[in-house]
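Just so you know, these numbers come straight off a predicted model, no measurement behind them. Throughout, residue positions are numbered sequentially from 1 according to the sequence presented.
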Amino acid sequence: MDAKVQQTIDILAEEFPEPKSELNFNSPFELLVAVILSAQCTDKRVNIVTPKLFAVADDAFSMSQLDLSVIEDIIHPCGFYHNKALFISNMSKDLVERFNGEVPSDIDSLRTLAGVGRKTANVVYAVGFGGQAIAVDTHVFRVANRLGLVHANNVYDTEKQLMNVLPHDKWSDCHHYLLLHGRYVCKARNPQCGKCPLTHLCEYYAKGEEN
Ligand code: SF4
């Protein structure tokens, strides 16, 4: 492994000794729903909404029976509630029809679920089933490119390049490292370079783009 990559992983591992999702869930199904809701929404807000939703339906069978309007009313605070309610409903029906209501544990099947994109499938595979996957969200995309771990214009290329440079057994940990670093330090509009332990490894900082 490249020395810069190794140093980056070591430093981020110290910064975030317990790399894990900040979403609350009690089952792979609840995780799947929470990840769908987390698009363009904070984990904190999702964690406020999901107990209300899961009190009404906490598995694919019960969720697939709910009227869309019921789901929409509950998830309204998460934003994009029309689309998200539709995704949750379609995904639940698909689980019932093709997987007897169980969330599949293999990544290829997860990626075929209605309403479930590649990023969501990767998160559920990694967080829900302990698999190795790099889910590239806006934080992972930004931090990986600023650091110069990758040089990519889109999330798919970022994922592919990260899979090439990061050791396979660290993919899921590194997803959390980059996400948490982006959420709390390397923020989109105002990166906190003064507090960042990665300045000596960062291409963005070296170019003086933080100023
Ligand atoms: S030095 Fe600045 S731009 Fe680079 S990773 Fe740290 S916070 Fe982000």
Side-chain angles (χ1 to χ4, degrees), residues 16 18-141 155 159 172-173 175-180 182-184 187-188:
F16 303 107
E18 289 187 48
K20 59 179 187 173
S21 173
E22 295 181 319
L23 293 168
N24 296 336
F25 60 95
N26 294 303
S27 67
F29 178 76
E30 289 190 1
L31 173 63
L32 190 42
V33 172
V35 177
I36 290 172
L37 290 175
S38 71
Q40 312 279 327
C41 181
T42 63
D43 288 1
K44 200 172 168 184
R45 181 163 296 184
V46 172
N47 288 337
I48 293 170
V49 165
T50 45
K52 296 172 189 164
L53 181 60
F54 298 148
V56 179
D58 66 353
D59 60 29
F61 290 99
S62 51
M63 191 71 77
S64 67
Q65 304 286 323
L66 290 184
D67 283 344
L68 275 180
S69 61
V70 173
I71 303 176
E72 286 177 353
D73 280 351
I74 298 173
I75 70 168
H76 191 276
C78 293
F80 301 97
Y81 59 96
H82 287 307
N83 283 343
K84 289 180 181 177
L86 195 59
F87 290 157
I88 291 168
S89 182
N90 287 345
M91 174 274 290
S92 300
K93 288 173 184 162
D94 201 17
L95 281 177
V96 169
E97 284 168 15
R98 294 198 295 135
F99 297 97
N100 197 28
E102 293 293 318
V103 178
S105 60
D106 68 284
I107 197 160
D108 292 331
S109 297
L110 280 167
R111 286 176 181 160
T112 68
L113 285 174
V116 173
R118 186 180 180 91
K119 184 198 78 176
T120 299
N122 286 4
V123 172
V124 173
Y125 179 65
V127 175
F129 296 107
Q132 293 295 342
I134 305 170
V136 180
D137 67 356
T138 182
H139 298 303
V140 174
F141 174 76
V155 292
E159 180 186 337
S172 295
D173 282 352
H175 153 72
H176 289 299
Y177 294 152
L178 296 171
L179 185 156
L180 293 169
R183 184 176 289 165
Y184 295 112
K187 299 178 182 183

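Residues satisfying the side-chain hydrogen bond (donor to acceptor under 3.5 Å, both in side chains) criterion with Q65, sequence neighbours excluded, are absent altogether. Applying the salt bridge (charged side-chain N to carboxylate O under 4.0 Å, His left out) criterion to D58, with sequence neighbours excluded, gives no partner residue. Listed by chain and number, the residues in a side-chain hydrogen bond (donor to acceptor under 3.5 Å, both in side chains) with T112 are R98 (sequence neighbours excluded). A search for side-chain contact (heavy atoms from CB on, under 4.5 Å) contacts involving A135 returns K119, N122, V123, H175, not counting sequence neighbours. In this structure H139 satisfies the side-chain hydrogen bond (donor to acceptor under 3.5 Å, both in side chains) test together with R142, sequence neighbours excluded. Residues passing the side-chain contact (heavy atoms from CB on, under 4.5 Å) test with S105 are F129, sequence neighbours excluded. Residues that satisfy the salt bridge (charged side-chain N to carboxylate O under 4.0 Å, His left out) test with R111, not counting sequence neighbours, are E159. S38 pairs by the side-chain hydrogen bond (donor to acceptor under 3.5 Å, both in side chains) definition with nothing, not counting sequence neighbours. With sequence neighbours left out, A57 forms a side-chain contact (heavy atoms from CB on, under 4.5 Å) with S62, M63, L66.
How far CZ of F25 is from CG of N47: 10.5 Å, rounded to the nearest 0.5 Å. Taking NZ from K84 and CG from L37, the interatomic distance works out to 6.0 Å, rounded to the nearest 0.5 Å. Here the straight-line distance linking atom CG of L32 with atom CG of L110 works out to 7.5 Å at 0.5 Å rounding.
Pairs passing the side chain to side chain donor-acceptor pair (under 3.5 Å) check and including a residue from residues 125-138, sequence neighbours excluded, read Q132-S172. Judged as a side chain to side chain donor-acceptor pair (under 3.5 Å), the pairs with a partner in residues 18-34 (not counting sequence neighbours) are, in order, E22-R183, E22-Y184, N26-E30.
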All N/O donor-acceptor pairs, side-chain side in residues 67-78, below 3.5 Å, sequence neighbours left out:
residue, atom, partner, partner atom, Å
E72, OE2, H82, ND1, 3.0

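For D94 (side chain) and A114 (main-chain N/O), a donor-acceptor pair under 3.5 Å exists by modelled atom type.
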